**Q** 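Got a structure for you, written out below as structure tokens; questions coming shortly.
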Amino acid sequence: MRVIDMAFFRRLACILCALLVVGGMTQAHAQSRSGSSVATFLTLGTGAKGSALGHAYTAMAAGGDALFWNPGAAAVPYQGQVGNAFFTRYDWIADIGYSAAGVTIPVTGTGVVGLSIASVDYGRMDVRTEAQPEGNGETFGASDFSFGLTYSQPLTSSFYFGGTVKSVRQTIRDMRASTIAVDLGFVLETRYLNGAKLAASIMNFGGKMQMAGVNTSIFVDVAPDNSGSNPDIPADLALDQWDLPLSFKFGVAVPVLNTNNVQLLLLADSHQTNDNDLNSDLGAQFQYGNRTFTFNLRAGYKDMFLDNVDNHVSYGAGLDIRVASVRVGFDYAYLPFDFLGDTQLMDFRIYF
């Protein structure tokens with residue numbers, strides 16, 4: 001086991017405490033901006049591994065699901081392998097279906113290209129009107145979608161940097177909105193605290209979204225006081241434009257125990273979005289493994305300083321096994337909600 005540098009630990013603890021204090025002060029004094037952004041599916045947290053750790057995943061992410069958390073971590077190898085394919089599909093609250101997939105492909109000696117897709121299906125809903133509040137027999141659907149292209153590589157032997165350009169789209173019945181966004185992130189592997197990692201990401205930096213479609217089409221009379229004017233001139237209503245949920249995360253991952261076969265990893269993230277208060281996420285992972293297999297137990301506590309959420313704690317487990325030259329992995333997470341019903345997540349991944 002490596003010797004822990006206590007001076008570095010004290011400095012790191014001071015930084016984390018300062019972030020927590022600032023988060024608490026912000027929560028106490030700042031005016032909440034909840035509900036002031038669109039495409040909030042981008043902040044749900046993709047995959048069982050990051051969700052089980054309470055979203056404290058910025059410094060630990062690697063492989064295909066890193067494309068949704070920190071693009072700089074997409075080039076971080078796992079058990080010596082950089083290529084990875086990841087898939088998850090689960091039912092969120094209120095029977096909302098969430099699907100996501102990501103793949104990282106080595107293209108140079110150290111760099112990788114990543115492709116990511118995420119889709120949310122809100123299901124079919126009844127069309128209700130003032131005259132027919134129970135429904136008029138018609139139904140409509142709503143969905144969200146994002147597609148991203150990522151490039152990530154180590155700039156040094158211990159510093160990884162990457163970025164993503166992605167298309168974001170939302171639809172509801174005959175209306176739709178879309179824009180382009182950018183994600184940036186880095187991971188720094190240190191020589192302190194058994195190899196602690198520092199990481200940061202900026203996610204969803206992009207244009208505004210504005211709904212448009214046939215439901216905003218109207219006919220107007222531009223000169224109603226003039227006889228003989230045309231009352232059926234086609235026009236469109238201009239709806240408001242809304243910001244994406246711009247997110248900044250700073251994360252730390254510290255292996256407090258690190259031997260040949262056993263590792264205990266503690267994680268902490270400071271998290272700020274433009275539509276909510278500064279808050280913190282905490283996670284822990286116990287790992288036992290060797291070159292043939294790895295087993296993990298995980299727990300997390302999300303949104304420490306927020307009281308407008310229905311779930312804080314999360315649990316999970318993971319297992320991956322070497323088969324010939326690849327590793328096959330499965331991850332599970334359990335999220336107990338107070339009022340909205342519990343959610344279970346499962347991932348499948350291949351490392352190559």
Side-chain angles (χ1 to χ4, degrees), residues 31-46 67-68 92-101 115-150 163-184 202-248 272-277 308:
Q31 182 178 0
S32 175
R33 300 188 65 232
S34 298
S36 61
S37 66
V38 294
T40 53
F41 76 100
L42 297 171
T43 64
L44 279 180
T46 300
L67 304 174
F68 302 94
W92 199 246
I93 57 177
D95 295 325
I96 297 172
Y98 184 87
S99 304
L115 297 175
S116 57
I117 297 176
S119 174
V120 181
D121 182 6
Y122 297 94
R124 304 297 299 180
M125 291 163 274
D126 294 328
V127 176
R128 305 176 188 271
T129 65
E130 293 182 1
Q132 297 172 299
E134 300 301 321
N136 62 3
E138 298 180 31
T139 62
F140 71 96
S143 63
D144 300 329
F145 178 82
S146 71
F147 173 78
L149 175 63
T150 301
T164 299
V165 178
K166 61 187 178 185
S167 171
V168 182
R169 187 183 74 227
Q170 291 192 290
T171 61
I172 178 168
R173 200 176 186 183
D174 299 318
M175 303 291 290
R176 60 186 52 83
S178 62
T179 191
I180 300 297
V182 174
D183 303 335
L184 297 172
I202 300 176
M203 310 290 286
N204 312 316
F205 179 78
K208 296 178 180 291
M209 297 184 70
Q210 181 182 35
M211 281 287 179
V214 298
N215 293 329
T216 59
S217 299
I218 59 173
F219 295 95
V220 298
D221 187 347
V222 296
D225 296 330
N226 295 338
S227 61
S229 64
N230 184 356
D232 297 318
I233 298 176
D236 283 319
L237 296 173
L239 302 183
D240 286 340
Q241 295 182 332
W242 297 85
D243 292 319
L244 292 173
L246 179 64
S247 170
F248 172 77
Q272 174 75 69
T273 62
N274 62 346
D275 62 352
N276 218 325
D277 299 317
N308 59 346

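Keep in mind that what you see is a predicted model, and the values were worked out from it rather than measured.
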**Q** By side-chain hydrogen bond (donor to acceptor under 3.5 Å, both in side chains), which residues pair with Ser143, not counting sequence neighbours?
**A** Thr171
**Q** Restricting to non-hydrogen atoms, name the atom on Leu184 and the atom on Gly163 that form the minimum distance, rounded to 0.1 Å.
**A** CD2-CA, 3.9 Å
**Q** Do Leu115 and Phe147 come within less than 4.5 Å of each other through their side chains, counting heavy atoms only?
**A** yes
**Q** Do Leu246 and Ile202 have side-chain heavy atoms sitting under 4.5 Å apart?
**A** yes
**Q** With sequence neighbours excluded, give me every salt bridge (Lys or Arg N to Asp or Glu O under 4.0 Å) pair touching residues 130-139.
**A** Glu138-Arg173
**Q** Test Leu42 against Ser146 for side chain to side chain contact (heavy atoms under 4.5 Å, CB included), laying out the working first.
**A** CA-CA 8 Å; Leu42 297 171; Ser146 71; 4.2 Å; yes
**Q** Listed by chain and number, what are the side-chain hydrogen bond (donor to acceptor under 3.5 Å, both in side chains) partners of Thr164, not counting sequence neighbours?
**A** Thr150
**Q** Donor-acceptor pair, Asn204 side chain versus Pro245 backbone, under 3.5 Å?
**A** yes
**Q** Does the side chain to side chain contact (heavy atoms under 4.5 Å, CB included) test come out yes or no for Ile233 and Asp221, once each step is laid out?
**A** CA-CA 6 Å; Ile233 298 176; Asp221 187 347; 5.8 Å; no
**Q** So, does Asp126 use its side chain to make a donor-acceptor pair with the main chain of Arg128 at under 3.5 Å?
**A** no
**Q** Does some side-chain heavy atom of Leu244 sit less than 4.5 Å from a side-chain heavy atom of Met209?
**A** yes
**Q** Looking at side-chain heavy atoms only, is the closest gap between Met175 and Gln170 below 4.5 Å?
**A** no
**Q** Quick check: do Ile218 and Val220 have side-chain heavy atoms less than 4.5 Å from each other?
**A** yes
**Q** Kindly state each residue pair satisfying salt bridge (Lys or Arg N to Asp or Glu O under 4.0 Å) with at least one member in residues 227-237, sequence neighbours excluded.
**A** none
**Q** OG1/Thr273 to CZ/Phe248 distance, rounded to the nearest 0.5 angstrom?
**A** 12.5 Å
**Q** Does a side-chain heavy-atom distance below 4.5 Å link Asp121 with Ile96?
**A** no
**Q** Who are the ring-ring contact (aromatic ring centres under 6.0 Å, His included) partners of Tyr98, not counting sequence neighbours?
**A** Tyr90
**Q** Quick check against the 3.5 Å criterion: does Gln210 have a side-chain atom that pairs as donor or acceptor with the backbone of Leu239?
**A** yes
**Q** Could you give the distance from CG (Asp174) to CE (Met211), rounded to the nearest 0.5 Å?
**A** 11.5 Å
**Q** Would you call Asp183 and Lys166 a salt bridge, taking side-chain N to carboxylate O under 4.0 Å as the test?
**A** yes
**Q** Is Phe140 atom CZ crowded by more than 12 heavy atoms from other residues, nucleotides or ligands, each under 6.0 Å away?
**A** yes
**Q** For Ile117 and Phe68, work out which heavy atoms get closest and say how close.
**A** O-CZ, 3.7 Å
**Q** What's the shortest heavy-atom distance between Thr43 and Thr40, and which atoms?
**A** OG1-O, 2.8 Å
**Q** Check the pair Val168, Phe41 against side chain to side chain contact (heavy atoms under 4.5 Å, CB included), reporting the backbone distance first and the verdict last.
**A** CA-CA 10 Å; Val168 182; Phe41 76 100; 4.1 Å; yes
**Q** Taking only residues at least two apart or on different chains, which pairs with a member in residues 205-217 satisfy salt bridge (Lys or Arg N to Asp or Glu O under 4.0 Å)?
**A** Lys208-Asp243
**Q** Given 3.5 Å as the limit, does a donor-acceptor pair link the side chain of Arg124 with the main chain of Thr139, or not?
**A** yes
